[in-house]
Amino acid sequence: MKRIAIITSGGDAPGMNACVRAVVRTALRNNLEVVGIVRAYAGMISGDFIPMDFQSVSNIIQRGGTILKSARCDEFRTVEGRAKAAENLKKHNIDGVVAIGKDGTFTGAQIFYQEHGIPFIGCPGTIDNDLFGTDNTIGYDTALNTVVQAVDKIRDTADAHDRLFFVEVMGRDAGFIALRSGIAVGAETILIPETETFVDNLIERLKQSRAHKKTSSIIIVAEGDDGGGAYEIAEKVKEKYKQFETKVTVLGHVQRGGSPSAADRVLASMLGKAAVEALLEGRKNEMVGVINRKIAFTSFEKAIKHHQKINKNLLHLAELLS
Ligand code: F6P
């Protein structure tokens, strides 16, 4: 192995830059050359390759987004697209790739290896924390802190006006952001895709809170909840229970930006280093994660197929304490 490439793919996440830095510097210290590919698989196909040195990753550990940019790429789903990408990797003498992303990225990498034999190692990069094989994904901790800061502000105004707020957080397929941030902000209820939402139960709960003299409440809704988004659920509640003045806030992409937290910087640095070392050891088609504070490898196949399980005790904890 003489030269490796790095991509950041899928939805960006705070800490991706810290991981890029770790990959580049670990590689250079091991006498490997490193090339950054701009816009992930799209750049692999168009040949947008840039050589990386020590300096090219200076002053990025604290920056959100990704200096390598990210993009979705339908062409990479085709045999022809992947053949073009392989041609470019071969032209640049790339012997292995570190891919920071999530299941879509790893699915592409797996198929690509079967067709073209270039090994990939994945680093879990997503704010959603929905990847099997790691306790935390890069960006999750920062996103949680962003949500908590925003909801604390919403709570001030909710309290001032005695209002019920539905706050929608990201998580198209998973409720990890909703669950943990919900506990951290003291939410009345947390609605997530992993559990069924019953509006009548929710109303019952709100009535009980009122009976206990609660004048305002925060309900955290994961965007992928089966009951619909925050607007839809708020509408249903309003129809049946008019006593509360109801407001909705959708936090949206603000959750994806910002300077990474210390935890995300450290995690990203550990994972980036481990990914390069894995390529050097001849590993392939695996995602590197951290489980119980230790580096752990999970095959792409497992990381894609299995789902990180929601800790139902946390849901009970939220309800118990609200
Ligand atoms: O990064 C994952 C995620 O944040 C999901 O929770 C969300 O549904 C999705 O990205 C939104 O992505 P896009 O930028 O394509 O709207």
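Just so you know, ligand 1 is whichever comes first in the structure, and atom 1 is the first atom listed for that ligand.
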Query raised in the report: Who pairs with K214 by side-chain hydrogen bond (donor to acceptor under 3.5 Å, both in side chains), at least two apart in sequence or on another chain?
Result: E188
Query raised in the report: Purely on distance, is any nitrogen or oxygen of R256 under 3.5 Å from one on ligand 1?
Result: yes
**Report entry** Parallel, tilted or perpendicular: rings of Y41 and F120 (30°, 60°)
**Finding:** tilted
Query raised in the report: Nearest to atom 16 (O) of ligand 1, what protein heavy atom do you find, and at what distance?
Result: H253 NE2, 3.2 Å
Requested in this report: Kindly confirm or rule out an N or O of M170 lying under 3.5 angstrom from an N or O of ligand 1.
Outcome: no
Report summary line: A student checking ligand 1 against G171 at a 4.0 Å heavy-atom cut-off should list atoms 6 (O)
Query raised in the report: Would D264 and T142 count as a side-chain hydrogen bond (donor to acceptor under 3.5 Å, both in side chains) if you check the C-alpha gap in whole Å, the side-chain angles of each, and the deciding distance to 0.1 Å?
Result: CA-CA 7 Å; D264 272 330; T142 308; 2.5 Å; yes
**Report entry** Identity of the nearest option to atom 7 (C) of ligand 1, non-hydrogen atoms only, from R72, K102, E223
**Finding:** E223
Query raised in the report: With T195, which residues qualify under side-chain contact (heavy atoms from CB on, under 4.5 Å), at least two apart?
Result: I192, K312, L315
Report task. Please state which part of Q255 comes within less than 4.0 Å of ligand 1, counting heavy atoms only: side chain, backbone, both or neither. Result -> neither
Query - Charged tip of R155 within 45° of F165 ring normal and under 6.0 Å - result: no
Requested in this report: Mind telling me whether F49 and H92 have parallel, tilted or perpendicular rings, with 30° and 60° as the class edges?
Outcome: parallel
Query raised in the report: Hey, does D128 come in under 3.5 Å of ligand 1, counting only N/O atoms on both sides?
Result: yes
